[in-house]
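A note on names: the letters A, B, ... follow the listed sequences, proteins ahead of strands, and every chain is numbered from 1.
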Protein chains: 2
Amino acid sequence: MAHDSTPASHSAPAGPGAGRRFELLTLGDELLLGLTPNSHLTWIGQQLGRHGVQLARNVTVTDEAAAISAEVRASWVRADVVITTGGLGPTCDDRTREAVAAVIGQRLVFDATIEKAIADRFARLGRQMTPNNLKQAYRFERGEVLPNAHGTAPGLWVEQDGRVLVMLPGPPNELQPLFTEQVLPRLARLGLISESEAYVQLRTVGVGESALETKLQPVFDRAGPALSVAYCAHPWHVDVRLSSPDGRLSRVELQAIADECAALLGEDFANYGHDSLARVVSDLFRAQDKTLGVAESCTGGLLANMFTDLCGASKFFRGAIVCYGNDAKMQILDVPESLIAQHGAVSAECAVALATSVAETLEADYGLAITGYAGPGGGTKDNPVGTIYLGLHSPQGVWSKKLHYAAARTTLKERAVIVALDWLRRELVRAARQISTPPRRTTLIG
Amino acid sequence: MAHDSTPASHSAPAGPGAGRRFELLTLGDELLLGLTPNSHLTWIGQQLGRHGVQLARNVTVTDEAAAISAEVRASWVRADVVITTGGLGPTCDDRTREAVAAVIGQRLVFDATIEKAIADRFARLGRQMTPNNLKQAYRFERGEVLPNAHGTAPGLWVEQDGRVLVMLPGPPNELQPLFTEQVLPRLARLGLISESEAYVQLRTVGVGESALETKLQPVFDRAGPALSVAYCAHPWHVDVRLSSPDGRLSRVELQAIADECAALLGEDFANYGHDSLARVVSDLFRAQDKTLGVAESCTGGLLANMFTDLCGASKFFRGAIVCYGNDAKMQILDVPESLIAQHGAVSAECAVALATSVAETLEADYGLAITGYAGPGGGTKDNPVGTIYLGLHSPQGVWSKKLHYAAARTTLKERAVIVALDWLRRELVRAARQISTPPRRTTLIG
């Protein structure tokens, strides 16, 4: 969906990892047949990016030994770090390890420690170890083993001729902890990536990339050429990444510049780092000890689903009424039939009634309502398909907001939810300010 | 999540596309930085798979001209069809087209028809055309233009030395219609892919791959060696793909074999083709003119969100109560406080009460409830984290079902929803059978 939102600029890393070439080989027919998205590219690309390295290339091939060895050979001659995913499991092509060993000019050796780890794992699960599992007990002669706490195939690590080869198991729940706990620290120790996050990231919402640039450029000009700035535009927000590739600016100095930007941006600044907007809103609710109830018509549960994906949601999220039909709006949330008859279910009036009623019904401090025409059917002359009303009931009052997007059904749902989340975020930030900043008169007396 | 669910076997295509090598180049820093998933690989891989071709290789590189031309050169010498995505827009590297033209030994020519299409598009949107848009008006000298109805950059098509090069714009809403409406028919006309779907697919739920194979192998043995069978295991279902690579079995014969499999599998057969389980259930509800209300506790709106992603959901889906807290269960759905005190909110008793009450509250024929401990907190000795109860109220009665999975929060939610959907599907299929098949006695009299 977001292929059109390309980052505007990238800082060429000059610190650790500068000029180093990282290539990723993702192995598996299921990726080429479109049965499984290539989540390893996305996840590993993000992880390396945070540590100052942009992946140079990703190749996906079948998990046949011949294809793998051709790709490893091509990458091995020109990359500093080659990472492979998949192709290591008991049902994978038997010759994968041999083929790679031949490319790097090593022999495979049987490792009794790996065998024991596999056998222990089977014993712990109370299952019988089949003989094909034993091929996972081979490692490269002059290489190391990266133990896999969540599966049978360990990762394999080779440092050779100034290059690194890392082979990782395919299942994400095995690969991800192995990568963060073992691969990243080893790469950092070799100076191939930054030890810590390579940049300070400001996440902004509701302001376009060029407007952002106009606003922030004076700050960046004052910081001088040691600062590198990259903008990453996502569908609904823009990230600003501040780094100092040659290390002339310390982390503290980068953070000070970021703080200056945040102050300038005011409410358009959402958070530092990588948290989602749903997470930011969830943290604000929990910090303020306030609760939320939601009425979703056209978004049909999407907002509730986002909140309940987060651990600890029950601390603030009282629940949602997915009032998809008008009957549900009237019966469960007591929206008067006459209101719907006069203004329609897609109206500011209905949004406000739903927001207030859902807060009351669920005994929540805040009530948020979303009602609209997601299409392709429905809509009126005044409120065509793509029209969405949001209603927000808070301890401070109750308001509505009208949106209109020309987009497909699922995209419309996403946009409405992001705008709703951003509205909640802004209200909670304002509410916190009112609580923490005493009224001016009091200050004068004090 | 599903990298461990690799397809068990693949039929090597012997019909159109047999032995032809297809390679895909996906261009864009946003893919390598993990800002955007590589959805083109997944989508194009699926489309080609349906037409009998397995993509041999996918390479993702930055959209710099040098990187692109190196990859196109490498693919062009060994592949029969090379498809590129991205790198064609007005903000992309100016030299992308030139670099590719150099590789295939062609010149670029300015095409006034493309210029006019771009200008018309800007006029239609009431916007000013910036000069950088004009670089999109170049095509290969001995090549064709694939008009883009949804954006400014058209696709480019070249047939040369028995090979095909297709360059497609990056935004999925532009690429996808262009691919299905123009690229697939052209490839079929050249005999590079099957004209129609290359296989008949049976989608099965609730039965493992090896059990499936045991059950179906006798049918396949009778069909003989002209039949090719491939199993594709997904996280929650297994697809069986029947094809006849050499064309000895007609589509009608393949369908007859598939029908025999479906009859053998009974309720474990869900549908032909590629529809999701939510779509299958939605179609059953609509065909039987029945309605559904949902009470979601631990799945927090995921099921409602899936239904409301489908057009026409309002025809059967009355809504959902996301009763995340116990208060919501008691206040909105009238679950007695004493029931929760005695049995707990995660219990068969509560699931049944929620299912019945949500059907009544939303005036629906069917009521479905999901309540469980999604973790990481919560749980009791008898019902630890990962325990989920489903409740189903139907015109035939009311039942509960207990599940337990050791998985992360979001995976648990997904599994619970899939099991719930499958339960609805089976109940609706049974209900339809009772309606359409008259009781035996009646038949005897007739």
Side-chain angles (χ1 to χ4, degrees), chain A residues 1-7 10 28-39 41-43 45-46 49 54-55 57-61 86 91 170-172 232 234 300-302 304-305 307-309 311 313-314 317-325 327-328 331-332 361-363 376 409-410, chain B residues 1-7 10 28-39 41-43 45-46 49 54-55 57-61 86 91 170-172 232 234 300-302 304-305 307-309 311 313-314 317-325 327-328 331-332 361-363 376 409-410:
Chain A
M1 285 171 311
H3 284 257
D4 40 350
S5 302
T6 51
H10 303 289
D29 289 354
E30 73 281 12
L31 303 173
L32 294 162
L33 282 164
L35 300 177
T36 312
N38 188 358
S39 65
L41 167 59
T42 311
W43 191 82
Q46 279 171 5
Q54 182 179 330
L55 204 55
R57 185 167 176 266
N58 166 236
V59 182
T60 304
V61 283
T91 61
C232 291
H234 298 263
L302 177 61
N305 188 43
F307 281 132
T308 57
D309 271 353
C311 299
S314 57
F317 184 63
R318 303 299 304 264
I321 315 287
V322 181
C323 43
Y324 210 60
D327 288 354
Q331 284 152 21
I332 308 178
T361 306
L362 290 165
E363 297 180 357
R409 186 180 180 87
T410 50
Chain B
M1 288 169 310
H3 285 256
D4 41 350
S5 302
T6 51
H10 302 288
D29 288 354
E30 73 281 11
L31 302 174
L32 293 162
L33 283 164
L35 300 176
T36 312
N38 188 358
S39 64
L41 166 58
T42 310
W43 191 82
Q46 278 171 5
Q54 180 178 330
L55 204 54
R57 186 167 174 264
N58 166 237
V59 182
T60 304
V61 283
T91 62
C232 292
H234 299 262
L302 176 62
N305 188 44
F307 280 133
T308 58
D309 271 354
C311 300
S314 57
F317 184 62
R318 303 299 302 265
I321 315 286
V322 181
C323 44
Y324 209 58
D327 288 355
Q331 283 152 22
I332 308 177
T361 306
L362 289 165
E363 297 179 359
R409 188 179 177 87
T410 50

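Shortest non-hydrogen contact noted between B/Phe317 and A/Tyr324 is O-CD2, 3.7 Å. Between A/Gly300 and B/Thr308, the closest heavy-atom pair is O-OG1, 3.2 Å. When every heavy atom of A/Asn305 is checked against every heavy atom of B/Gly301, the shortest pair comes out as CB-C, 4.0 Å. Taking all atoms of both residues into account, the shortest heavy-atom contact from B/Arg57 to A/Val61 is CG-CG1, 3.8 Å. Residues B/Val322 and A/Ala304 share a closest heavy-atom pair of CG2-CB, 4.2 Å.
Here the side chain of B/Thr42 pairs no donor or acceptor atom with the backbone of A/Gly34 at under 3.5 angstrom.
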Next on the checklist: Could you walk me through whether B/Gln54 and A/Asp29 satisfy the side-chain contact (heavy atoms from CB on, under 4.5 Å) test, starting with their C-alpha distance in whole Å, then the side-chain angles of each, then the deciding distance to 0.1 Å, before giving a yes or no?
Outcome noted: CA-CA 8 Å; B/Gln54 180 178 330; A/Asp29 289 354; 3.2 Å; yes
Checklist entry - So A/Leu35 and B/His234, side-chain contact (heavy atoms from CB on, under 4.5 Å) or not? Walk me through it. => result CA-CA 7 Å; A/Leu35 300 177; B/His234 299 262; 3.6 Å; yes
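Of the atoms belonging to B/Ile321, heavy atoms from both backbone and side chain fall under 4.5 Å from chain A. Residue B/Arg409 touches chain A through its side chain alone, counting heavy-atom pairs closer than 4.5 Å.
Interface check for chain B: of the options A/Ser314, A/Cys323, A/Gly325, the most heavy-atom pairs under 4.5 Å are formed by A/Ser314. When the candidates B/Leu55, B/Asn58, B/Leu41 are compared by the number of heavy-atom contacts under 4.5 Å with chain A, B/Asn58 comes out ahead. When the candidates A/Cys311, A/Pro376, A/Gly319, A/Ala328 are compared by the number of heavy-atom contacts under 4.5 Å with chain B, A/Cys311 comes out ahead.
The shortest side-chain heavy-atom distance between A/Leu302 and B/Asp309 does not fall under the 4.5 Å cut-off. With a 4.5 Å cut-off on side-chain heavy atoms, A/Asp327 and B/Arg318 count as touching.
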